[in-house]
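Inspection log for the structure reproduced underneath, given as structure tokens.
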Amino acid sequence: MTVAPYPLTAIVTTDLAGITRGRFVIADRIEQHMQTGIGWLPANLALTAFGTIAEANPWGSAGDLRLLPDPAARYRTDATGAATPFDMVIGDIVELDGTPWSCCPRTILKAAVAELKAATGLSLRVAFEQEFQVFGADFPAAHPLSVGALRRADPFAPRLAAALDEAGVEPEVLIAEFGADQFELTCAPADPLRAADRAVAIREIVRETARVAGWSASFAPKTAPQAVGNGVHIHFSLLDDAGNPVTYDPAASAGLSARAASFCAGMLRHLPALLLLSAPSIPSYYRLRPHSWSASWTWLADRDREATLRICPVTTAHGRDPAPQYNIEYRAADATANPYLALAAIIRAGLAGLTGALPPPAIIAEHPDTLDETRRAALGLYRLPDSLEAAIAAWMADDVASSWFAPAFVETMLCVRRAEMARLADLADADICHLYRDLY
Ligand code: GLU
Ligand code: MG
């Protein structure tokens, strides 16, 4: 008599390389692990995307932790088409006595959310909008955004819709995007922790659904030097203590409320350092170039896709209220970033703007490229770091940003980034894109 396969549940965390890793347990026995989790180790935080552990990390071979599943962050679906269900529960890394580990990315996000709330009474609603490309499908050519571009992949998109919906990520729109074999997925906004969890779940469900079709899905920021970039756009809005939306003020310039403007001002001030968390890899900077609808200046604009911070449109058709729709999009992120850390850094930067009562930043309609240096400086427009090296330098120059995280965390982050620079030192841009296409 043959025994049917035992479905497994992955208990996972996402690391500094933006890779989601974990260990599997028998799904039926997950309850046994809910209180104490599974084994984990500090040096795992120094894992790179290349199957190595970054050298000279602060952890070495010693020490043990637990990876504790969060039952509210279980993403399970039978609809990917795989032989057994996709089943993943996201966890927090804790010490052996159950206390939070100061370097756990998910815990770092929770702490940022709690501090924003404690200091200002505000909380965030967030949604990650993610682009990816499919490889190995041998699709016939199709027009960007066309019906045919999505239908030629059938049943990929309908299967994804079912899998994402069943897993509970609240998928909204599936797009055959502008780039070659590029797609985009949006989901409903949620609190920051859930939004980052969803970003992780969506990536893994997309990858599995593509794999089942015999293809691979890549979220790499640039899969070839001339390719259209794959962005991760982080939409956010502010809620007050009572849960009312407070990002919008009809009397304010472009509708941006005073509190939201201070939050944005903090982000703009710390943007060069923030990039190390939201665009942390070498190819991130192939994407962050002017005129590619990504982000390249410390620029807030009303509905302009070249701006790093874009005030998004609202619709007033059929009497719709703009207030709950109104949100801001941070465009300088990609999938080589850890979504928890990118969001934690955004919140910390925004909070610095609020506590410092920074004045509203200019909302600029002209492309910074078209303004002269003096005018740009007067408007606070600066070119973002254009390489990982420059992003590290910007990080080091920002004492406020360095204080957002535990010293051991910062040390590990810099180790991982330097290991990446050493690994890629002799590679041409095209080879780097190719490598990241397969790694992400
Ligand atoms: N693909 C663009 C990026 O790299 C974004 C295009 C868009 O959706 O506006 O961010
Ligand atoms: Mg898009």
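Atoms within a ligand are numbered from 1 in the order they appear, just like the ligands themselves. No hydrogens, no waters, no symmetry mates; every other heavy atom, side chains included, goes into these values.
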N/O of [X] under 3.5 Å from N/O of ligand 1, yes or no?
{"X": "His233", "answer": "yes"}
{"X": "Glu177", "answer": "yes"}
{"X": "Val228", "answer": "no"}

Exercise. Hey, could you give me the CG/CG distance between Asp302 and Leu256, rounded to the nearest 0.5 Å?
Key: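 The CG atom of Leu256 is 9.0 Å from CG of Asp302, to the nearest 0.5 Å.
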Under a 3.5 Å cutoff, is there a donor and acceptor pairing between the side chains of [X] and [Y]?
{"X": "Ser257", "Y": "Thr247", "result": "no"}
{"X": "Asn57", "Y": "Glu411", "result": "no"}
{"X": "Thr336", "Y": "Ser284", "result": "yes"}

Quiz item: For the Mg ion (ligand 2), does an N/O/S atom of Glu131 lie at less than 2.8 Å?
Solution: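 A backbone or side-chain N, O or S atom of Glu131 is under 2.8 Å from the Mg ion (ligand 2).
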Quiz item: Which of the N/O/S atoms in Glu177 sits closest to the Mg ion (ligand 2)?
Solution: OE2
Exercise. Kindly give the atom name of the N, O or S atom of Glu184 closest to the Mg ion (ligand 2).
Key: OE1
I'd like to check which ligand 1 atoms, numbered from 1 as shown, lie under 4.0 Å from a non-hydrogen atom of [X].
{"X": "Trp293", "answer": "2 (C), 3 (C), 5 (C), 9 (O), 10 (O)"}
{"X": "Arg305", "answer": "9 (O)"}
{"X": "Glu184", "answer": "8 (O)"}

Quiz item: Just by modelled atom types, is the Arg259 backbone N or O under 3.5 Å from a matching donor or acceptor in the Ser262 side chain?
Solution: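 Judged by distance alone, no pair lies under 3.5 Å.
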Quiz prompt | Derivation and outcome, side chain to side chain donor-acceptor pair (under 3.5 Å), residues Asp304 and His367 | solution = CA-CA 9 Å; Asp304 190 320; His367 198 292; over 6 Å; no
Exercise. Test Trp215 against every option in Phe135, Phe139, Phe132, Phe183 by the ring-ring contact (aromatic ring centres under 6.0 Å, His included) rule and name the one that passes.
Key: Phe139
Self-check item: Winner among Arg331, Glu329, Glu131, Arg287 once heavy atoms are compared against atom 10 (O) of ligand 1
Solution: Arg287
